[in-house]
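Report on the structure given below.
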Amino acid sequence: MNGKQRYEEFIKEHQSTLRMGTLIWTCLGVIGIFLIMKPIGIIVEIAAVMLGILNVKSWIKLNRTLDMVPDKQKFYQQMEKPKATFLKFKIIVLEDYVLTNDSNVELFPLKTIEKIDVGVQKTGYKPKKCLFLTTTDGLQHKIALVYENQTVAALEEFDEIYQILNKK
């Protein structure tokens with residue numbers, strides 16, 4: 001599998017979610033048109049438009065993920081042989097980038113990562129650990145979340161992500 005195919009496979013689930021969103025807002029729009037003479041039709045149309053705007057923005061963001069990569073050929077070469085892949089957390093660590101696919105597909109150049117933090121939250125009955133990347137612009141990005149009562153493998157993978165990124 002070449003690097004471009006690996007990248008496409010990595011974002012495939014997110015694309016599928018966005019396609020489903022497109023289908024939903026389109027159907028709502030059609031239903032709203034049929035009900036336009038009733039007050040509920042206007043509400044359905046407004047909901048369809050709002051969902052459509054959010055969906056289109058998400059598609060644009062996904063399509064622009066690689067815009068920050070100056071040399072896409074080099075990026076795809078790195079995707080062929082990533083330094084580490086963490087399937088439970090949908091994270092790929094490359095030579096120059098960290099690629100995540102949690103709620104959105106995000107790409108972080110390693111040179112823009114200022115620090116790696118682990119935060120522990122003890123709310124409720126499930127304490128959880130979060131892994132954050134802080135970029136040079138001061139923004140903090142959550143890239144991994146694990147609950148203390150999860151499997152040992154998940155906890156070990158979380159710690160491994162932290163160790164690999166902390167070395168960078």
Side-chain angles (χ1 to χ4, degrees), residues 1 3-22 24-25 50-51 53-72 74-168:
M1 181 181 299
K4 187 168 185 166
Q5 290 170 329
R6 187 176 296 238
Y7 175 74
E8 293 296 326
E9 184 68 29
F10 187 73
I11 67 170
K12 187 172 156 181
E13 183 180 326
H14 191 66
Q15 286 175 326
S16 177
T17 302
L18 291 177
R19 276 190 208 100
M20 181 61 72
T22 302
I24 290 169
W25 71 262
M50 291 172 57
L51 287 173
I53 290 169
L54 290 173
N55 186 261
V56 169
K57 282 184 175 182
S58 294
W59 273 111
I60 290 169
K61 185 176 180 182
L62 178 63
N63 291 334
R64 290 186 178 164
T65 301
L66 295 182
D67 284 357
M68 71 175 69
V69 178
D71 185 357
K72 290 190 181 35
K74 183 179 177 188
F75 173 80
Y76 291 134
Q77 287 173 349
Q78 290 180 23
M79 280 297 291
E80 287 178 25
K81 296 180 183 166
K83 289 201 177 274
T85 302
F86 303 100
L87 297 176
K88 285 182 182 63
F89 295 100
K90 299 178 187 170
I91 295 173
I92 297 178
V93 180
L94 306 173
E95 188 177 316
D96 299 325
Y97 301 96
V98 175
L99 183 62
T100 67
N101 186 0
D102 188 20
S103 58
N104 286 312
V105 176
E106 294 186 85
L107 184 67
F108 302 100
L110 287 176
K111 64 184 176 191
T112 66
I113 297 174
E114 201 168 84
K115 66 180 180 175
I116 309 336
D117 293 319
V118 174
V120 178
Q121 237 181 358
K122 296 193 179 201
T123 57
Y125 65 94
K126 289 185 178 180
K128 58 185 172 184
K129 294 191 318 186
C130 297
L131 184 61
F132 296 97
L133 297 180
T134 304
T135 52
T136 52
D137 56 6
L139 296 175
Q140 200 172 48
H141 307 272
K142 180 181 77 170
I143 64 163
L145 169 72
V146 66
Y147 291 97
E148 291 293 330
N149 62 350
Q150 276 187 287
T151 64
V152 174
L155 293 168
E156 287 174 353
E157 192 169 290
F158 182 91
D159 292 337
E160 188 179 348
I161 296 168
Y162 175 76
Q163 290 170 3
I164 286 174
L165 292 176
N166 211 22
K167 290 178 186 176
K168 302 263 174 211

Residue pair Lys90 / Phe10: nearest heavy atoms and the distance that separates them = O-CZ, 3.3 Å
Is there any side-chain hydrogen bond (donor to acceptor under 3.5 Å, both in side chains) pair reaching into residues 53-68, and which pairs are they, with sequence neighbours excluded?
-> Thr22-Asn55, Thr22-Trp59, Trp25-Asn55, Asn55-Trp59
Please answer whether the main-chain N or O of Leu66 pairs with a side-chain N or O of Lys72 as donor and acceptor at a distance below 3.5 Å.
-> yes
Starting from the C-alpha separation in whole Å, work towards a yes-or-no answer on side-chain contact (heavy atoms from CB on, under 4.5 Å) for Ile113 and Thr134.
-> CA-CA 6 Å; Ile113 297 174; Thr134 304; over 6 Å; no
Pairing residues for Glu8 by the salt bridge (Lys or Arg N to Asp or Glu O under 4.0 Å) criterion, not counting sequence neighbours = none
Could you tell me how the ring of His141 sits relative to the ring of Phe108: parallel (under 30°), tilted (30 to 60°) or perpendicular (over 60°)?
-> tilted
Calculate, to the nearest 0.5 Å, the distance between atoms CG and CG belonging to Asn166 and Asp117 respectively.
-> 9.0 Å
Rounded to the nearest 0.5 Å, what's the gap from CZ on Arg6 to CD1 on Ile11? Could you check?
-> 14.5 Å
Mind checking the CG-CD1 spacing from Asn101 to Ile92? Nearest 0.5 Å is all I need.
-> 9.0 Å
dist Arg19:CZ -> Thr17:OG1 (nearest 0.5 Å) comes out at 9.5 Å
Which heavy atom in Asp102 sits nearest to a heavy atom in Lys142, and how many Å separate them?
-> OD2-CE, 4.4 Å
Take atom CD of Gln15 as the centre, draw a 6.0 Å sphere, and report whether it contains more than 12 heavy atoms from other residues, nucleotides or ligands.
-> yes
Hey, are Thr135 and Asp137 close enough side-chain-wise for a donor-acceptor pair under 3.5 Å?
-> yes
The reported gap from CG in Asn104 to NE2 in His14 (rounded to nearest 0.5 angstrom) is 5.0 Å
What one should report as the nearest heavy-atom pair of Glu80 and Gly3 is CG-N, 3.0 Å
Distance, nearest 0.5 Å, that separates CD1 of Ile91 from CD1 of Ile143 | 4.0 Å
Is atom NZ of Lys4 surrounded by more than 12 heavy atoms (other residues, nucleotides or ligands) closer than 6.0 Å?
-> no
Heavy-atom closest pair, residues Leu145 and Cys130 | CD1-SG, 3.3 Å
Smallest separation among heavy atoms of Leu107 and Phe75, with atom names | CD1-CE1, 3.8 Å
Partner residues of Asp96 under the salt bridge (Lys or Arg N to Asp or Glu O under 4.0 Å) criterion, sequence neighbours left out | Lys74
List the atom of Phe89, the atom of Ile161, and the distance in Å for their closest heavy-atom pair.
-> CD1-CD1, 3.6 Å
